[in-house]
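Working notes, beginning with the structure itself.
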Amino acid sequence: MPTVKIIGYGTGHEKVELTELLRDALQLGMEESRKMTDAIMSGNVISLKFEDEEFANGLAQELADVGARVQVVED
């Protein structure tokens, strides 16, 4: 079971892109996705477990594309 760990966010990127990506990919409400983005921006590590390895890797790439620093680990 792959885990996508969001370990940081690059400076100079728009945090709204991250919020929208999290909202769409994880089917979250706007408030929940904003809270997750704020936690990431504050230096917290967010761990997301998925059953689907292809989805996890695709999400990790999309997150990296909008400026997040991510790791994918197998549990």
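For the single chain, residues carry numbers from 1 onward in sequence order.
- Residue pairs meeting the side chain to side chain donor-acceptor pair (under 3.5 Å) criterion with at least one member in residues 55-64, sequence neighbours excluded, are Gln61-Asp65.
- The side-chain hydrogen bond (donor to acceptor under 3.5 Å, both in side chains) check on Gln27 picks up nothing, with sequence neighbours excluded.
- The side chain to side chain donor-acceptor pair (under 3.5 Å) contacts involving residues 39-53 comprise Lys49-Asp75, where partners must be two or more places apart or lie in separate chains.
- Residues passing the side-chain hydrogen bond (donor to acceptor under 3.5 Å, both in side chains) test with Thr19, sequence neighbours excluded: Thr37.
- When hydrophobic side chains of Ile, Leu, Val, Met, Phe, Trp and Tyr are connected at separations under 4.5 Å, Met30 ends up as a singleton with no cluster partners.
- In terms of the side-chain hydrogen bond (donor to acceptor under 3.5 Å, both in side chains) criterion, Asp24 has no residue partners (sequence neighbours excluded).
- The salt bridge (Lys or Arg N to Asp or Glu O under 4.0 Å) pairs that include a residue from residues 4-18 are Lys15-Asp38, where partners are two or more places apart or lie in different chains.
- Listed by first and then second residue, the ring-ring contact (aromatic ring centres under 6.0 Å, His included) pairs involving residues 16-49 amount to none (not counting sequence neighbours).
- Sorted by first and then second residue, the salt bridge (Lys or Arg N to Asp or Glu O under 4.0 Å) pairs involving residues 26-36 (not counting sequence neighbours) are Glu31-Lys35.
- Clustering of Ile, Leu, Val, Met, Phe, Trp and Tyr side chains at separations under 4.5 Å places Met36 together with Val4, Ile6, Tyr9, Leu18, Leu21, Leu22, Leu26, Leu28, Ile40, Met41, Ile46, Leu48, Phe50, Phe55, Leu59, Leu63, Val66, Val70, Val72.
- Counting only residues at least two apart or on different chains, no ring-ring contact (aromatic ring centres under 6.0 Å, His included) pair has a member in residues 16-41.
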